[in-house]
**Q** 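Got a structure for you, written out below as structure tokens; questions coming shortly.
Numbers restart at 1 for each chain; the letters A, B, ... are given by sequence-line order, proteins then strands. Every heavy atom of this structure was used, including side-chain atoms; hydrogens, water molecules and symmetry mates were not.
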2 protein chains.
Amino acid sequence: MATLGDVAARAGVSISAVSRVLSDAPDSRVSAATRERIVDAARELNYRPNFAGRALKSARTQVVGLVVPDITNALFTELMHGAEDEATERGYTVLLGRSDDVRPGGEVIARLIGEGRVDGMALQVGDAVQPAGLRDLITTQAPIVLVNSSYPGHVGSVTLDDHRGALIATQHLLELGHERIAFANGLPRSFTAKRRRTGYKLALATAGLRMPKEYETRIGYTVDNGRTALRRLMALDPKPTGIVVANVNAAVGLLGEARRAGIRVPEDLSVVTVHDSWTAENTWPPLTAVKMQFYTVGRAAVRSVIRRIETGETSDEVVTDPPPELVVRESTAPPRTA
Amino acid sequence: MATLGDVAARAGVSISAVSRVLSDAPDSRVSAATRERIVDAARELNYRPNFAGRALKSARTQVVGLVVPDITNALFTELMHGAEDEATERGYTVLLGRSDDVRPGGEVIARLIGEGRVDGMALQVGDAVQPAGLRDLITTQAPIVLVNSSYPGHVGSVTLDDHRGALIATQHLLELGHERIAFANGLPRSFTAKRRRTGYKLALATAGLRMPKEYETRIGYTVDNGRTALRRLMALDPKPTGIVVANVNAAVGLLGEARRAGIRVPEDLSVVTVHDSWTAENTWPPLTAVKMQFYTVGRAAVRSVIRRIETGETSDEVVTDPPPELVVRESTAPPRTA
DNA sequence: GTGAAAGCGCTAACAT
DNA sequence: ATGTTAGCGCTTTCAC
């Protein structure tokens, strides 16, 4: 690999001149002719700045870490794209990490930041992570922004408008004429579950309805959790005619389980989910979903991390624009008895 | 962040002594007492070796890149886990990258290697990438191992036993009594598609059967490609009674389209796919699939990259152990007329 | 058994 | 307008 020295030798100038030109310093102070020689030499040698050299000198890597609970979760596609687009525009690179099953975020993050592999991080912790595992984060003053999660006292977060998402989903069923609407939610300790809950309740309250306590399950966001929720909800009397599911993976499981139980969707039961993804389009029937703005959240998160790195400013932000968007497919219909 | 100097000062020893102890050099040549002082000091200061400093000095990052066409594809979960497990055991870290849609691999790789961000790479190129885009790779002598892909003249690859996977899938339908078996395959230029094709053909030939040319579609591996394949195959006369799909995403689409067309699975049509993933369990009906050993391939790929980095050796490897495994679910049954 | 010192590639303050 | 130089944190050779 060619170094600055190689380029300098070939162009017949000093190393610092080359550095100034190739790292486009604000004031490179070289003549047009010299600049050209340098640029040519660099191209001929296929010069690329050495990452370690630059990072060591500047104490900056221009890398931000993005850690999500499960990288292959379709939900995070847009989040990652948003993060990468924002990073690229600002001259940063995104380093993807999984918040490992065993050590919920803690060790990975400490390494990434402590060893100077990244300048800052955007961190989405999973539904199932105990908030206690986040303790280390808040003690460090590292530039960490939480995505769709929270920790008491931690400042710096970007979140989806979960409240509104659940509200829109519930309203959709109300408008179809449903009056017994259940809610398959995440775990009680989950930050997002809490906020989706308020949206569900508000929609019902506004319509002048109240549901029995058992109409909300708080089991979790996985496919299996969704299956369990379906069984529990459809064992109630009276049965709900519609279910709002707080997560698309859970909705996929719930739908599969309904199928298995011989419950027809949407004839016997309407299902609407918060979150859209390609999997929702490919269930049978295709799932009506409220599309959340993951792309925008990804951008905002990286923007926030970089601001924190470069200026030290922090903020807590909710992405409300664009708002969540209802995508009507075939899993919802008016209730039979209506 | 504490440096070696800080630790040395606190322990009252030289920097080099600290370095020898903390980087567990084979021969640290320090007394037990000194060693203890050093280890204590490091712990108290929460010392972590600076990544850039180490990389700059040693010209090694201990990082291998893993680039796949679409990180969020459920198929790559196991591949990544295998890669990470192998890397961890050998003291390496995995850096995840997407082989970007726009620049098919080329630029990402050149940067990662050229800037010294990684020591080597495992690269899986997508079905849709033109082999021409890989030209740069082979010219460099960089430690790159291709995963489930090939480039003429490039040495260093690890692949699934695609031939056998398709063979097993086809045999399953044959054993159920099907005699008109179609094959929804990937693009003709796709390396994996070529090998899956030989498995399909061998199974048929062994059974003494021949299918008309139109029984094989070569459209691609996406959900939409699967939908198209279904329409094309079910327009034939006579219709196939069973379809082997070369990719699980395509199978999901194909199944959805069958549903839409009013074709009952498995009563009217059996569907078996090569590749298993959680999505296959959650279609309706759940998909019979041949589970390919992605985890093992991930491990083997990283092992191969590291060997290439450390010893310069190269190899082309097919993962045959464990063999692909048939997982019977509910999308396959004997043909109606049988 | 321990320490001093050079140097990896780069940037930036300081000459000239 | 261009060059010299120090030093980022680390490893490693060499000297003691």
**Q** Hey, what are the protein-to-nucleotides 13-16 of chain C N/O distances that come in under 3.5 Å?
**A**
none

**Q** Sequence neighbours left out, what passes salt bridge (charged side-chain N to carboxylate O under 4.0 Å, His left out) with B:Arg117? Give chain and number order.
**A** B:Glu115
**Q** Mind checking whether B:Glu310 and B:Arg90 have side chains closer than 4.5 Å, heavy atoms only?
**A**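 No. Closest side-chain heavy atoms not under 4.5 Å.
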**Q** Any pair with a residue in residues 50-63 of chain B that passes side-chain hydrogen bond (donor to acceptor under 3.5 Å, both in side chains), sequence neighbours left out, goes on the list, sorted by first then second residue, please.
**A** B:Thr61-B:Asp119
**Q** Report each atom pair, protein N/O against N/O of nucleotides 6-9 of chain C, whose distance is under 3.5 angstrom.
**A**
residue	atom	partner	partner atom	Å
C:dG7	N2	B:Lys57	NZ	3.1
C:dC8	O2	B:Lys57	N	3.3
C:dG9	N2	A:Gly53	O	3.2

**Q** Can you name the nearest heavy-atom pair linking B:Ala83 to B:Val94, along with the distance?
**A**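 Nearest heavy atoms, B:Ala83 then B:Val94: O-CG2, 3.9 Å.
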**Q** Is the shortest side-chain heavy-atom distance between B:Arg299 and B:Glu89 below 4.5 Å?
**A**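 Of all side-chain heavy-atom pairs linking B:Glu89 with B:Arg299, at least one is under 4.5 Å.
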**Q** I'd like to check B:Ile144 versus B:Ile113 (side-chain heavy atoms, cut-off strictly below 4.5 Å). Are they in contact?
**A**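 Sidechains of B:Ile113 and B:Ile144: in contact.
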**Q** Quick one: does A:Val125's side chain get under 4.5 Å of A:Phe191's, heavy atoms only?
**A**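 A side-chain contact is absent here, since even the closest heavy-atom pair is not under 4.5 Å.
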**Q** For residues B:Val68 and B:Asn73, determine if any side-chain heavy atom of one lies less than 4.5 Å from a side-chain heavy atom of the other.
**A**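 No, every pair of side-chain atoms sits at 4.5 Å or beyond.
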**Q** Select from A:Ser19 and B:Ala32 the residue whose nearest nucleotide in DNA chain C is closer to the 5' end of that strand.
**A** B:Ala32
**Q** Give me the bend of the helix from C:dG1-D:dC16 to C:dT16-D:dA1, using the axes of the five pairs at each end, rounded to 10°.
**A**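 Comparing the first five pairs with the last five, the axes sit 50° apart.
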**Q** For a 4.5 angstrom cut-off between non-hydrogen side-chain atoms, does A:Leu4 reach A:Leu22?
**A** yes
**Q** Working note: A:Asp40 + A:Arg37, criterion salt bridge (Lys or Arg N to Asp or Glu O under 4.0 Å); need CA distance, chi angles, decisive distance, verdict.
**A** CA-CA 5 Å; A:Asp40 287 350; A:Arg37 286 218 313 287; over 6 Å; no
**Q** Please report the shortest heavy-atom distance between A:Val64 and A:Tyr92, naming the atom on each side.
**A** CG1-CD2, 3.8 Å
**Q** Can you give the first and last nucleotides of DNA chain D, 5' to 3', that have an atom under 4.0 Å from a heavy atom of chain A?
**A**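 Listed 5' to 3', the contact boundaries are D:dA1 to D:dG9.
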**Q** Do A:Asp316 and A:Val155 come within less than 4.5 Å of each other through their side chains, counting heavy atoms only?
**A** yes
**Q** Tell me, do B:Phe294 and B:Asn148 make a side-chain contact under 4.5 Å, heavy atoms counted?
**A**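 Side chain of B:Phe294 against side chain of B:Asn148, heavy atoms only: contact under 4.5 Å found.
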**Q** Rounding to an integer number of Å, can you tell me how far B:Arg37 CZ sits from C:dG1 P?
**A**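 It is 15 Å, rounded to the nearest whole Å.
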